[in-house]
Amino acid sequence: MSESAKKLFVKTYGCQMNVYDSERMAAALAPKGYSRTETPEDADLILLNTCHIREKAAEKVYSELGRLNPLKQSNPDLRIGVAGCVAQAEGEEILSRAPGVDLVVGPQVYHRLPKMLEQVQAGERPLETDFPEEDKFDHLPDWAATRKSPTAFLTIQEGCDKFCAFCVVPYTRGAEVSRPAGRVEQEARQLAERGVVEITLLGQNVNAYCDVDGVTLAGLVDRLSKIEGLQRIRYTTSHPNDMADDLIDAHAREEKLMPYLHLPVQSGSDRILKAMNRKHTAAEYLALIERIRAARPDMAFSGDFIVGFPGETDEDFEATLRIVEQVRYAHAYSFIYSPRPGTPAAGREDVPQDVKSERLQRLQALIKQYQVEFQENLVGRTLPVLLEKPGRNPGQMTGKSPYLTAVHLDAPKSLAGSIVDVRITASAPNSLSGELVG
Ligand code: SAH
Ligand code: SF4
Ligand code: F3S
């Protein structure tokens with residue numbers, strides 16, 4: 001029996017896996033009578049689904065909790081929960097630092113949320129951050145019915161065994177685990193039946209995917225590509241060392257596999273790559289890029305970079321600029337190194353803040369230059385665009401090119417969810433505009 005109607009507000013920080021987890025948490029709470037609201041003031045339960053990747057990410061959570069205090073004072077029945085990677089890393093600390101928090105739940109146990117809410121009702125402040133034997137996905141309700149967009153994320157692999165020296169993910173998400181291909185396929189089918197045409201497969205190391213029966217990511221893509229209605233498949237994030245031959249081959253053969261690959265390298269300096277424990281050199285990474293381009297010549301690459309890793313010299317940084325020039329990324333993210341407690345690099349001597357900031361600016365300017373070049377090369381071409389949602393102006397729709405660039409165009413709302421041919425007419429800093437063909 002469903003319980004009385006209540007409102008849930010979820011705020012999501014961090015990576016796409018958190019976006020997916022937020023949807024599944026909301027679905028887990030639906031049988032308890034919760035439906036989602038976009039306004040925290042209306043909520044009976046607020047969940048912050050947090051990220052711990054950089055220092056600012058965690059601090060943001062504490063300031064958000066501070067901002068929520070007045071809401072809690074005006075509505076004593078309001079419940080506040082902290083989920084995600086900060087919950088995992090700082091569980092006890094959150095309960096002591098933020099008295100307004102009613103529950104703390106880690107990323108591997110959120111299927112227990114309904115039970116935890118009962119504990120809250122009984123006056124407890126439950127904290128669950130273990131890495132349980134059971135698989136949370138076996139205990140979560142279907143969520144396809146709640147989808148309204150033609151695109152969806154689908155987590156297929158979680159956790160990380162790589163232990164890059166700067167990164168908290170192996171500690172917050174635990175060891176690498178791949179979901180059984182059959183279960184992933186079932187979820188993808190349900191999504192496709194609900195009108196989802198593009199699925200992005202998620203994993204902290206998605207290309208390390210290998211299920212109990214030995215199905216690899218390439219094998220999984222083959223299976224998913226047979227699902228009727230599902231037209232586009234993407235996956236993220238990949239580690240260069242797990243870019244297997246069968247996956248590269250899949251890019252040559254499988255039309256539904258989109259020509260966009262997020263393949264972080266972090267640094268262009270072999271010395272820094274070694275200190276980061278990335279286990280490959282810059283030359284190996286570049287050779288890999290070439291092999292992928294040979295299989296799929298129009299592949300658009302994206303990446304992540306860290307500047308100011310401990311010990312990074314000007315020369316090391318120059319090597320990072322050079323790798324950007326060589327790969328000509330369509331898009332890339334860059335971050336200032338942030339020491340994370342408990343990670344191997346945390347105790348090493350830090351690069352001064354002003355040096356880090358200056359390097360970040362130079363790197364971002366160069367990345368931007370290649371992004372502009374990439375987008376301008378698309379002007380004049382006709383691309384298949386998946387129309388996703390109404391655009392900024394009336395009569396406009398926003399969609400996505402195969403290369404993940406946002407495209408704005410005049411199109412009727414009735415076309416939402418279809419893939420249409422669009423002639424690209426102009427490039428703006430972070431998007432393209434175009435017109436319907438035919
Ligand atoms: N699993 C993915 C990405 C995980 S985190 C991968 O292996 O590539 C996303 C990005 O955040 C990383 O690629 C890295 O560039 C950045 N990042 C991680 N830890 C960081 C830290 N301590 N300081 C700054 N950036 C960091
Ligand atoms: Fe973090 Fe490295 Fe694992 Fe990516 S591969 S999640 S950067 S430890
Ligand atoms: Fe952040 Fe956790 Fe994702 S630390 S980037 S939310 S895996």
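As the structure lists them, so they are numbered: ligands from 1, and atoms in each ligand from 1. In this text, all values refer to a predicted model and were calculated from it rather than measured experimentally. Just so you know, residue 1 is the first one in the sequence shown, and it goes up from there. Because only heavy atoms are used, hydrogens play no part in the values below, and waters and symmetry mates are left out as well, while side chains stay in.
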Exercise. Which of the atoms in ligand 2, numbered in the order shown and given with their element, are less than 4.0 Å from a heavy-atom of His239?
Worked result: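 Close to His239: 5 (S).
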Problem set entry | Whether Arg278 lies under 4.0 Å from ligand 2, heavy atom |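 So Arg278 counts as touching ligand 2.
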Exercise. Closer than 2.8 Å to atom 3 (Fe) of ligand 3, do we get an N, O or S atom from Cys85, backbone or side chain?
Worked result: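 Given the 2.8 Å cut-off, Cys85 does not count as a ligand of atom 3 (Fe) of ligand 3.
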For this session: May I ask you to decide if the ring planes of Phe374 and Tyr403 are parallel, tilted or perpendicular, using 30° and 60° as cut-offs?
Result: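 Perpendicular: the ring planes of Phe374 and Tyr403 meet at over 60°.
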For this session: Quick one: sort the Tyr333 and Phe335 rings into parallel, tilted or perpendicular, breaks at 30° and 60°.
Result: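 The rings of Tyr333 and Phe335 lie parallel, inter-plane angle below 30°.
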Problem set entry | Ionic contact status for Glu185 with Arg189, cut-off 4.0 Å |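 Looking at Glu185 together with Arg189, the answer is yes, because their closest N to O distance falls below 4.0 Å.
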Within reach of ligand 1, part of [X] (heavy-atom separation under 4.0 Å):
{"X": "Gln266", "result": "side chain"}
{"X": "Pro264", "result": "side chain"}
{"X": "Thr343", "result": "neither"}
{"X": "Phe166", "result": "both"}

Problem set entry | Interfacing atoms of ligand 1 (cut-off 4.0 Å, heavy-atom, Arg278) |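 Here the atoms of ligand 1 in question are 7 (O).
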Exercise. With backbone taken as N, CA, C and O and side chain as the heavy atoms from C-beta onward, which portion of Pro264 lies under 4.0 Å from ligand 2: side chain, backbone, both, or neither?
Worked result: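 Neither; nothing of Pro264 gets under 4.0 Å from ligand 2.
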Exercise. For atom 16 (C) of ligand 1, which protein heavy atom lies nearest, and how many Å away is it?
Worked result: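 Here the closest protein heavy atom is Arg54 NH1, 3.4 Å.
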Problem set entry | ligand 3-proximal atoms of Met17, by part, heavy-atom distance under 4.0 Å |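 No part of Met17 comes within reach of ligand 3.
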For this session: Give yes or no for whether the N/O distance cutoff of 3.5 Å, strictly under, is met between Ile306 and ligand 1.
Result: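 Between Ile306 and ligand 1 (N or O atoms, distance only) the closest approach is not under 3.5 Å.
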Exercise. Could you walk me through whether Asp102 and Lys72 pass the salt bridge (Lys or Arg N to Asp or Glu O under 4.0 Å) check?
Worked result: CA-CA 11 Å; Asp102 297 288; Lys72 185 117 185 176; 2.4 Å; yes
Exercise. Does Lys356 come within less than 4.0 angstrom of ligand 1, counting non-hydrogen atoms of the residue?
Worked result: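 No; Lys356 lies far enough from ligand 1 that no heavy-atom distance drops under 4.0 Å.
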For this session: Give a yes/no answer: is there an N/O/S atom of Cys164 under 2.8 Å from atom 1 (Fe) of ligand 2?
Result: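 Here the distance criterion (N, O or S atom, under 2.8 Å) is not met by Cys164, so no.
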